[in-house]
Amino acid sequence: MDFNFKQYHVRSINAASAEERAAINQELKDFYASLNEEDKKTFNAQLQTFIAREMGRLKTDYEAIKQGTQN
């Protein structure tokens, strides 16, 4: 089973308010609670991969911006 964390991430980024962002987070928590134990393990592993990839992308973007402002 593949989980689409990007859809939640993009929706959260584009949320119009803290309340909307909280509702999106709750939706994801409710989805997680509905999973069986094996799917929860898969979910957690895929979430860690997604977070690491996004953090790496943000670091790369930050470094590029930092380089651009130093020139």
Side-chain angles (χ1 to χ4, degrees):
M1 176 177 250
D2 286 328
F3 299 99
N4 186 354
F5 296 107
K6 188 171 184 170
Q7 75 177 355
Y8 290 100
H9 181 63
V10 170
R11 286 175 55 210
S12 182
I13 288 171
N14 294 317
S17 66
E19 292 80 16
E20 184 179 353
R21 188 170 295 108
I24 294 165
N25 288 338
Q26 188 60 52
E27 181 183 333
L28 188 57
K29 288 177 184 179
D30 292 345
F31 176 70
Y32 180 80
S34 74
L35 298 174
N36 63 42
E37 289 306 311
E38 189 62 34
D39 286 342
K40 284 181 180 179
K41 289 178 187 175
T42 302
F43 179 100
N44 289 332
Q46 289 181 22
L47 179 58
Q48 290 301 314
T49 300
F50 176 78
I51 290 170
R53 185 175 56 242
E54 287 300 304
M55 292 301 290
R57 186 187 58 75
L58 288 172
K59 182 177 187 260
T60 300
D61 291 351
Y62 172 77
E63 292 297 327
I65 291 168
K66 187 175 168 184
Q67 279 286 335
T69 60
Q70 291 177 353
N71 293 333

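None of the values given here were measured: they were computed from a predicted structure.
Here Glu54 pairs with Arg57 under the side-chain hydrogen bond (donor to acceptor under 3.5 Å, both in side chains) rule; sequence neighbours left out. The side-chain contact (heavy atoms from CB on, under 4.5 Å) test applied to Ala22 returns no partner, not counting sequence neighbours. With sequence neighbours excluded, the residues satisfying side-chain contact (heavy atoms from CB on, under 4.5 Å) with Glu20 are Ala15, Ala16, Ser17, Ile24. Taking the side-chain hydrogen bond (donor to acceptor under 3.5 Å, both in side chains) definition, one finds that Arg53 meets it with nothing, sequence neighbours left out. Applying the side-chain contact (heavy atoms from CB on, under 4.5 Å) test to Glu63 and every residue at least two apart in sequence or in another chain returns Lys59, Lys66.
In this structure, NZ on Lys40 lies 14.0 Å from CG on Leu47, to the nearest 0.5 angstrom. Atom CD of Gln67 sits about 11.5 Å away from atom CD1 of Ile65, to the nearest 0.5 Å. Note that OG1 of Thr42 and CG of Asn36 are 8.5 Å apart. Values are rounded to the nearest 0.5 Å.
For Asn44 and Gln48, the side-chain atoms include no donor-acceptor pair closer than 3.5 Å.
Side chain of Gln46 to main chain of Phe5: no donor-acceptor pair is present (N/O by atom type, distance under 3.5 Å, no hydrogens or angles).
Note on Tyr62 and Ile13: separate hydrophobic clusters, where clusters join Ile, Leu, Val, Met, Phe, Trp and Tyr whose side-chain heavy atoms are under 4.5 Å apart, directly or indirectly. Taking hydrophobic clusters as Ile, Leu, Val, Met, Phe, Trp and Tyr residues chained together by side-chain heavy-atom distances below 4.5 Å, Tyr8 shares a cluster with Leu58.
Applying the ring-ring contact (aromatic ring centres under 6.0 Å, His included) test to every pair with at least one member in residues 9-28, sequence neighbours left out, gives these pairs: His9-Phe50.
Considering only heavy atoms from C-beta on, Leu35 comes within 4.5 Å of Phe31 through its side chain.
Relative ring orientation between Phe43 and Phe3 is described as perpendicular, the plane-to-plane angle rising above 60° on a 0-90° scale split at 30° and 60°.
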